[in-house]
Amino acid sequence: MGYLFSHRLKVACDLLTHTGMKLDEIARATGFEYVTYFINQFTVKKRHITDKV
């Protein structure tokens, strides 16, 4: 994954953890036009990190 893409997902993770924002708000705030695409990419990224542990 590219740096920008990884950074966007990290920011999204921080927003999910530390704010009361809704998922669609976080997706759009981090540059994802489609919530379903954001969810899929976030899930893939988190699964990839978990598999490395």
Side-chain angles (χ1 to χ4, degrees):
M1 282 188 194
Y3 170 77
L4 181 58
F5 191 78
S6 294
H7 179 73
R8 288 165 59 195
L9 289 177
K10 182 189 178 310
V11 170
C13 186
D14 291 342
L15 290 173
L16 282 167
T17 305
H18 302 294
T19 70
M21 292 173 72
K22 295 179 182 179
L23 196 56
D24 62 325
E25 295 171 331
I26 292 173
R28 287 192 173 75
T30 53
F32 292 90
E33 186 176 354
Y34 301 104
V35 177
T36 52
Y37 180 70
F38 166 73
I39 293 169
N40 288 336
Q41 294 305 306
F42 190 85
T43 303
V44 168
K45 174 74 171 175
K46 290 302 170 189
R47 186 178 306 133
H48 180 70
I49 291 171
T50 304
D51 290 345
K52 287 185 175 182
V53 174

Compare all side-chain heavy atoms of [X] with those of [Y] and state whether any distance is below 4.5 angstrom.
X	Y	answer
V35	R28	yes
L23	L16	yes
I39	F32	no

**Study point:** Heavy-atom donor-acceptor pair, Q41 side chain to F38 backbone, under 3.5 Å
**Key:**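 Here the side-chain-to-backbone pair does not exist.
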
Review point. Which pair of heavy atoms, one from A29 and one from M21, lies closest together, and at what distance?
Key: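 Residues A29 and M21, closest heavy atoms: CB-CE, 4.1 Å.
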
Revision key, fill the gap. Taken to the nearest 0.5 Å, the spacing of T30 OG1 from E25 CD works out to 11.5 Å

Exercise for review: Calculate, to the nearest 0.5 Å, the distance between atoms CZ and CD1 belonging to F42 and I26 respectively.
Suggested key: 8.5 Å

